[in-house]
Amino acid sequence: MLKKRIIVCLDVKDGRTTKGVKFQNNVDIGDPVGMAKKYYEQGVDELVFYDIMASANSRGPILNLISKVAEQIFIPFCVGGGIGCVEDIRSTILAGAEKVSLNSQAVKNPKLITEGAKIFGNQCIVLGMDAKKDESAPSGYSVYINGGRVKTELDALEWAKHAVELGAGEIVLNSIDADGMKTGYELNLTKMIAENVSVPVIASGGGGTVQHLKDVLTDGKADAALIASMVHSLGYTVQGIKEELKGEGVPVRL
């Protein structure tokens, strides 16, 4: 059986790690370079670094900070935020990232997914998708961009399927409703996307206990779970989470 991955997310604003609730009221919680090193040493499978203000401020990725983080970790490293062209993808990978997450920019220019996949390989191109409950959408969820600030006309399920057709090799699925709430992942949304695409789906938003991770990795059909608050502020360690999951019968790398 394939091992389930535990991925730590660092949301970065003005060069510092930050944490909010439902994409709002972000507070500074530390230095991303030191935090990345700590989680690497704890045994995290992958690290995701999101520059949460890049698209809203119409600027590219912070390459010097990305390279400083990359120097501290020797695991897959995904970077998102402000990556709007093939040159941005190239410079981010050259700075030390293995993957790039395309979110707002992919919605604005879907060809970027295809171009990126053709040049760098599907495994390098991750669709970051911010979804929120919306009864008017066919799947019950709409896609938002610019850090969850702007609603689009896109249906979450249709966009996920289309992005995979375009060349995305993985999807990080962020539930805006669950983000930072620590009350559990959006299982309905995660399962729906995971059952309808042929690439790995990473659940994001809502992890507060090990039971939440177990639920989304089993009932929610996610291939990986993204965590932030659990290790940033709730006293968990990556190693401790993995040991508990293993004890619950979830296949993880120890």
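As the structure is a prediction and not an experimental result, all values here were calculated from the model.
- Considering every non-hydrogen atom in both L127 and A106, the closest pair reads CD1-CB, 4.2 Å.
- How far CG of L234 is from NZ of K182: 5.5 Å, rounded to the nearest 0.5 Å.
- Minimum interatomic distance between L47 and A36 (heavy atoms only, all atoms of both residues): CD2-CB, 3.6 Å.
- For the atom pair T92 OG1 and I62 CD1, the distance stands at 11.0 Å (nearest 0.5 Å).
- Residues D45 and K3 fail the side-chain proximity criterion, which asks for heavy atoms closer than 4.5 Å.
- Here E115 does not pair with K118 in a salt bridge; the nearest charged N to carboxylate O distance is not below 4.0 Å.
- Cluster annotation: L10 is connected to M230 through the hydrophobic network of ILVMFWY side chains, with a link wherever side-chain heavy atoms come within less than 4.5 Å.
- One finds the NZ atom of K132 at 10.0 Å from the OG atom of S175 (value rounded to the nearest 0.5 Å).
- A pairwise comparison of heavy atoms in I145 and K108 identifies CD1-CE, 3.8 Å as the closest pair.
- Open room surrounds CD on E153; 12 or fewer heavy atoms of other groups in view lie less than 6.0 Å from it.
- Ion pairing between K37 and E41 holds under the 4.0 Å rule for side-chain N and carboxylate O.
- Enclosure of atom CE in M181 is not indicated, since only 12 or fewer non-hydrogen atoms of other residues, nucleotides or ligands lie within 6.0 angstrom.
- Looking only at side-chain heavy atoms (C-beta outward), E46 and K99 come within less than 4.5 Å of each other.
- Q42 places a side-chain N or O within 3.5 Å of a backbone atom of V238 that can act as its donor or acceptor partner.
- Between K13 and T18 the shortest heavy-atom distance is CB-CG2, 3.8 Å.
- V44 and V12 fall within a single hydrophobic cluster, where Ile, Leu, Val, Met, Phe, Trp and Tyr are joined by side-chain heavy atoms under 4.5 Å apart, directly or via other members.
- Residues Q211 and D215 bring a donor and an acceptor atom of their side chains to less than 3.5 Å of each other.
- The shortest distance between side-chain heavy atoms of R5 and R253 falls below 4.5 Å.
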Given K214 and E244, is the side chain to side chain contact (heavy atoms under 4.5 Å, CB included) satisfied, shown in steps? CA-CA 9 Å; K214 182 189 176 188; E244 274 195 62; over 6 Å; no

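- The aromatic rings of Y40 and F74 sit perpendicular to each other, their planes meeting at more than 60°, with 30° as the lower class boundary.
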- Query: Stepwise, does the side chain to side chain contact (heavy atoms under 4.5 Å, CB included) test hold for Y39 with Q72?
  - Reply: CA-CA 10 Å; Y39 298 135; Q72 300 295 330; over 6 Å; no

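- The closest side-chain heavy-atom distance from N174 to N103 is below 4.5 Å.
- Of the inter-residue distances, the one linking E186 atom CD with Y141 atom OH reads 3.5 Å to the nearest 0.5 angstrom.
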Verdict with supporting geometry, F77 and I66, side chain to side chain contact (heavy atoms under 4.5 Å, CB included) | CA-CA 10 Å; F77 176 35; I66 292 164; 3.8 Å; yes

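- Of the possible donor and acceptor atoms, none in the side chain of T17 sits under 3.5 Å from a partner among the backbone N and O of I29.
- Using a 4.5 Å cut-off on side-chain heavy atoms (C-beta onward), D51 and R59 make contact.
- Using a 4.5 Å heavy-atom cutoff, the side chains of I202 and D223 are not in contact.
- A salt bridge links R16 and D28; the closest N-O separation between the charged side-chain nitrogens and carboxylate oxygens is under 4.0 Å.
- No donor-acceptor pair under 3.5 Å is formed between the side chain of K4 and the backbone N or O of L245.
- The environment of NZ in K161 is crowded: more than 12 heavy-atom neighbours from other residues, nucleotides or ligands sit within 6.0 Å.
- A side-chain donor-acceptor contact under 3.5 Å links Y185 to the backbone of L226.
- Remark: the backbone N or O of L187 is not paired with any side-chain donor or acceptor of D219 at under 3.5 angstrom.
- At least one side-chain heavy atom of S198 sits less than 4.5 Å from a side-chain heavy atom of V164.
- With values rounded to the nearest 0.5 angstrom, I119 atom CD1 is found 9.0 Å from I125 atom CD1.
- Criterion: ILVMFWY side-chain heavy atoms under 4.5 Å apart, direct or through other members. Under it, I73 and V48 are not part of a common hydrophobic cluster.
- For the pair T114 (side chain) and L166 (backbone), a donor-acceptor distance under 3.5 Å is present.
- The CG atom of N146 sits 12.0 Å away from the CD1 atom of I52 when rounded to the nearest 0.5 Å.
- A salt bridge links K151 with D134: the distance from a Lys NZ or Arg NE/NH1/NH2 to an Asp or Glu carboxylate oxygen falls below 4.0 Å.
- Listed for the Q123 side chain is a donor-acceptor partner under 3.5 Å among the backbone atoms of F120.
- The backbone N or O of V143 sits less than 3.5 Å from a side-chain atom of T152, completing a donor-acceptor pair.
- I113 and V199 fall within the same hydrophobic cluster, where Ile, Leu, Val, Met, Phe, Trp and Tyr residues are linked whenever their side-chain heavy atoms come under 4.5 Å apart, directly or through other members.
- Contact annotation: the side chain of T190 never approaches that of K221 to less than 4.5 Å [non-hydrogen atoms, C-beta and beyond].
- Hydrophobic clustering keeps L189 apart from Y144 (ILVMFWY residues linked when any side-chain heavy atoms are closer than 4.5 Å, directly or through intermediates).
- Annotation for G167 and A117: closest pair O-CB, 3.5 Å, computed over non-hydrogen atoms.
- Formation of a donor-acceptor pair under 3.5 Å by the D155 side chain with backbone atoms of S139 is found in this model.
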**Request:** Determine, step by step, whether E98 and I75 satisfy the side chain to side chain contact (heavy atoms under 4.5 Å, CB included) criterion, reporting the C-alpha distance in whole Å, the side-chain angles of both residues, the deciding distance to 0.1 Å, and the verdict.
**Result:** CA-CA 9 Å; E98 274 79 21; I75 49 173; over 6 Å; no

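- Atom CG of L254 has more than 12 neighbouring heavy atoms from other residues, nucleotides or ligands inside a 6.0 Å radius.
- For the pair G205 and A178, the tightest heavy-atom approach, listed with the atom from each and the gap, is O-CB, 3.3 Å.
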